[in-house]
Structure formats: structure tokens, C-alpha cells
Amino acid sequence: MAKVTEKSLKARCTELNMGPLRGTTFGINFERTGNGYTVELKYRDATPPKILAVDVTAAEAAATVEGAAAGAAAVQVAGLDKPEFVTRDTFIRQAGERCPKCATKDISPGHLSALKGTMTQQCLCQRCGLSWNSIYRLDDYEAAVAVEV
Ligand SMILES: [Zn+2]
């Protein structure tokens with residue numbers, strides 16, 4: 001592994017902040033102090049920064065940065081970090097009546113097409129402009145009942 005320098009640390013933080021951490025609520029920052037490096041999570045809102053390591057060596061700072069980035073990636077995969085779209089379960093619970101992105105009911109259902117027991121309906125959100133397909137699956141049939149007059 002290459003030697004960790006202030007420059008390589010900075011490059012790595014920038015890479016992470018612009019890449020994997022871009023969709024999260026925070027970025028990783030470090031500062032050169034008199035006794036080494038301080039690593040902290042800087043939130044994008046008013047949340048005070050969380051100090052992860054104080055006065056550590058460059059190599060320790062790099063390890064802290066990687067650990068925090070891996071943790072953030074795991075949180076994102078687990079879906080705890082305010083995902084942009086609702087999950088499939090939530091969409092179904094809302095009976096497909098809400099936009100999966102902005103949750104408004106102001107959606108335009110469009111063209112329906114049925115194929116082999118699956119019906120697809122193109123939908124368009126009037127608020128955020130998202131378009132998606134709502135997918136319906138064949139469930140049952142009802143015979144038409146002749147009504148005696
Ligand atoms: Zn929407």
C-alpha cells in the first residue's frame with residue numbers, strides 16, 4: 001500500500017465525498033493539527049460535526065476515513081439513509097396511488113398493457129415529473145352473472 005500523505009488523504013476524501021458519500025447526509029473531512037490529523041464527519045445540514053479521530057497519524061487517519069466510508073455505504077445499502085424512492089413494499093401498501101419519489105397523489109395514470117398475466121400501467125407524477133410503470137399481476141376471475149329480469 002502506498003504511503004499515506006496529506007495530499008493522498010485529501011484526494012481520497014474528495015473522491016469519497018463526490019462519489020459513494022454523495023447521496024448521504026454527510027461528508028468526511030480531515031484537518032492537519034499540531035500533533036497529527038483529526039478526522040470528522042461533516043453533516044450537510046446544521047448537525048454538529050462528529051469527531052472520529054484526534055491527533056492520529058496519516059495512516060490511522062486514512063484507516064478511519066475508509067472505515068467511515070464503508071459504514072456509510074452499508075447504511076445506504078440497508079436503506080436507512082433516506083432513500084430517494086420508496087421501497088416496493090411501501091409502494092404496494094400505498095396501493096400504487098402515490099408517486100414513489102415525492103409521495104403526492106397527483107399522478108396521471110396512462111396507457112395500460114397486459115401481457116401473460118401482468119398488466120403494466122405507465123404513470124407520470126404531476127409534481128416531480130417522475131415517470132414509472134406500475135405493475136399489476138393477475139389475481140382471479142369472476143364469471144359474469146346473468147341477471148334475471
Ligand atoms: Zn412525484
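Quantities reported herein were computed from a predicted structural model and do not represent experimental measurements. Indexing begins at 1, ligand by ligand and atom by atom, following the structure's order.
- Note that SG of Cys99 is 4.5 Å distant from CH2 of Trp132, once rounded to the nearest 0.5 Å.
- Residues Asp139 and Arg137 fail the side-chain proximity criterion, which asks for heavy atoms closer than 4.5 Å.
- Heavy atoms from other residues, nucleotides or ligands lying under 6.0 Å from CZ of Arg88 number 12 at most.
- In this structure, the separation between CD1 on Ile107 and CD on Gln126 is 9.5 Å, given to the nearest 0.5 Å.
- One hydrophobic cluster, built from ILVMFWY side chains closer than 4.5 Å, holds both Leu21 and Tyr43.
- To the nearest 0.5 Å, atoms CG (Asn29) and CD (Glu40) are separated by 6.0 Å.
- Protein atoms that are N, O or S and lie under 2.8 Å from the Zn ion (ligand 1) are these: Cys99 SG, Cys102 SG, Cys125 SG, Cys128 SG.
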